[in-house]
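I have a structure here, written as structure tokens, and I will follow up with some questions on it.
These figures come from a predicted structure and were not determined experimentally. Per chain, numbering begins at 1; letters A, B, ... match sequence-line order.
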Number of protein chains: 2
Amino acid sequence: MPAPETKDTILDAAEALFAEQGFAATSLRQLTQRAGVNLASVNYHFGSKEALVKEVLRRRIEPINAERRRRLEALDAPSLEDVVRAFLEPALRAIGHRGGGMARVFGRVTAEQPAFLREFFFEHFGALAQRFIDAMRTAAPDLDARAAWLRMHFTVGAMAHTLQSSHMLTEISGGACELGDEAELVEQLVAYAVGGLRASARAGEEQQR
Amino acid sequence: MPAPETKDTILDAAEALFAEQGFAATSLRQLTQRAGVNLASVNYHFGSKEALVKEVLRRRIEPINAERRRRLEALDAPSLEDVVRAFLEPALRAIGHRGGGMARVFGRVTAEQPAFLREFFFEHFGALAQRFIDAMRTAAPDLDARAAWLRMHFTVGAMAHTLQSSHMLTEISGGACELGDEAELVEQLVAYAVGGLRASARAGEEQQR
DNA sequence: GTCTATATCCTGATAGAC
DNA sequence: GTCTATCAGGATATAGAC
């Protein structure tokens, strides 16, 4: 490659700023200034701000989803926990990298869902979600399709919120909840999600343990 | 009251647009045009765009949190499910109102967390969160403080995502998950959250049911 | 309280020299 | 590929007539 430096520099700066401020609130001027590149270079390399946003997301989400698929396929007669872990762990691993920047961007796009990312969203998550739903229902046959989708949705929400703002937990808990390493966070979230997915459909029927 | 009409008209239009587009992406021009009021009236009545955002949130969040407190206090020796329901139901009830506009704004602010709302956020949720943590740990004594905060965080994420984008569930599930009424959604989320909160700390120790 | 008109600044995007 | 300069328009906010 001749000089991919500028492109990657822009992507890195965009990732950090989108994490801090969101997409709409980040201007190209601010972005290129932090990256130390010329204002016009964004449009030269990416064509538009929206295309830059998509590329920032794509370069991280594609590997994460590829690993999710790979891990799901590698499982033989998986338990519900195996399936949940295959879905959550690749995404949560992103927390440990680059100061958590991409983790927060990832959480943000899940929550913010700008209109121009709608197509992108379905393209990258539609088929994958269906595959995980199928695997979950094979592992837990008494989970009907409707409940499976709802609880997958809850799980994605828990994951996205964790990715985007787990750094606030220490503060709001008054120090009662120091964040540990990412491996422990994965364990906690997997345990929570599996427990939630296994619950019987009506809370009133829950057994006390 | 002489003429609270303009103020409320602005708040209603802002709520709808913030739900659709988020805060940063919504301009005062667009907002006042939809509300059918003059551009200058926002600054006259609220002082600034940020103050308007805070007022949009405050007029909905305060009643919701007041009901949460009231319901928690009304409980005598509550089960974990009682506590979770007292927290989730008042917020989810917002889904049925005004076409779900405020539900999506509420989900958005939980996820988006713009920097200027940081103080607002701690002011409205700090003490309340502590009270619910205490109640949860009384109902489930073997839940340590750290796990309680983490799982409360997961639960808030699941709730916020449900509030903000449950309308997409039907589409991404290919029709397999039609949304029912809000009462059923409450049951599903309460069951999921209680199941998640009750799970043992390490997923590997989970009992098959 | 409501309006018009405008001040001041910032936005994404582009043309064209180098 | 990178730069300067700039376009055309939109942003928040405000001054001042009514």
(Q) Determine whether Tyr192(B) and Tyr192(A) satisfy the following criterion, ring-ring contact (aromatic ring centres under 6.0 Å, His included), listing intermediate values before the conclusion. (A) CA-CA 9 Å; Tyr192(B) 176 89; Tyr192(A) 176 88; 5.7 Å; yes
Q.
Checking side-chain polar atoms at under 3.5 Å, does Gln113(A) have a donor or acceptor matched by the opposite partner on Arg118(A)?
A. no
Side-chain atoms of residues 30-40 of chain A: list all donor-acceptor pairs with protein atoms under 3.5 Å, sequence neighbours left out, distances to 0.1 Å.
from     : atom 1 : to       : atom 2 : distance (Å)
Thr32(A) : OG1    : Leu28(A) : O      : 2.8
Thr32(A) : OG1    : Arg29(A) : O      : 3.2
Arg34(A) : NH1    : Glu20(A) : OE2    : 3.4
Asn38(A) : OD1    : Ala40(A) : N      : 2.9

**Q.** Gln33(A) CD - dG12(C) C1' separation (whole Å)
**A.**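 Atom CD in Gln33(A) sits about 16 Å away from atom C1' in dG12(C).
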Q) Taking all non-hydrogen atoms of both residues, which atom of Ala140(B) and which atom of Leu80(B) are closest, and how far apart? A) CB-CD2, 4.3 Å
Q: Assign Ser27(B) to base, sugar-phosphate, or nothing according to its heavy-atom contacts below 4.0 angstrom with the strands shown.
A: sugar-phosphate
**Q.** Any residue meeting side-chain contact (heavy atoms from CB on, under 4.5 Å) with Ala129(A), in chain and number order, not counting sequence neighbours
**A.**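 Checked Ala129(A) against side-chain contact (heavy atoms from CB on, under 4.5 Å); matches are Trp149(A).
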Q | Set of residues satisfying salt bridge (Lys or Arg N to Asp or Glu O under 4.0 Å) with respect to Arg137(B), sequence neighbours excluded | A |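 By the salt bridge (Lys or Arg N to Asp or Glu O under 4.0 Å) rule, Arg137(B) matches no residue at all.
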(Q) By the 4.0 Å heavy-atom rule, please label Thr26(A) as base, sugar-phosphate, or nothing. (A) sugar-phosphate
Q: Would you please indicate if the ring centroids of His161(B) and His161(A) are separated by under 6.0 Å?
A: no
Q | Letter per nucleotide, 5' to 3', of nucleotides 13-18 of chain D [B base touched, S only sugar-phosphate touched, - untouched; heavy atoms, 4.0 Å] | A | BB----
**Q.** Residues forming a side-chain contact (heavy atoms from CB on, under 4.5 Å) with Glu182(B), sequence neighbours excluded
**A.**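 side-chain contact (heavy atoms from CB on, under 4.5 Å) list for Glu182(B), sorted by chain: Arg93(B).
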Q.
Output the rounded distance in Å from CD (Gln30(B)) to C1' (dT11(C)).
A. 16 Å
Q | DNA chain C contacts made by residues 13-24 of chain B, counting heavy atoms under 4.0 Å | A |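 When residues 13-24 of chain B is checked for heavy atoms under 4.0 Å from DNA chain C, there are no hits whatsoever.
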Q | Under 4.0 angstrom between Thr6(A) side-chain N/O and dT2(D) OP1 or OP2 | A | yes
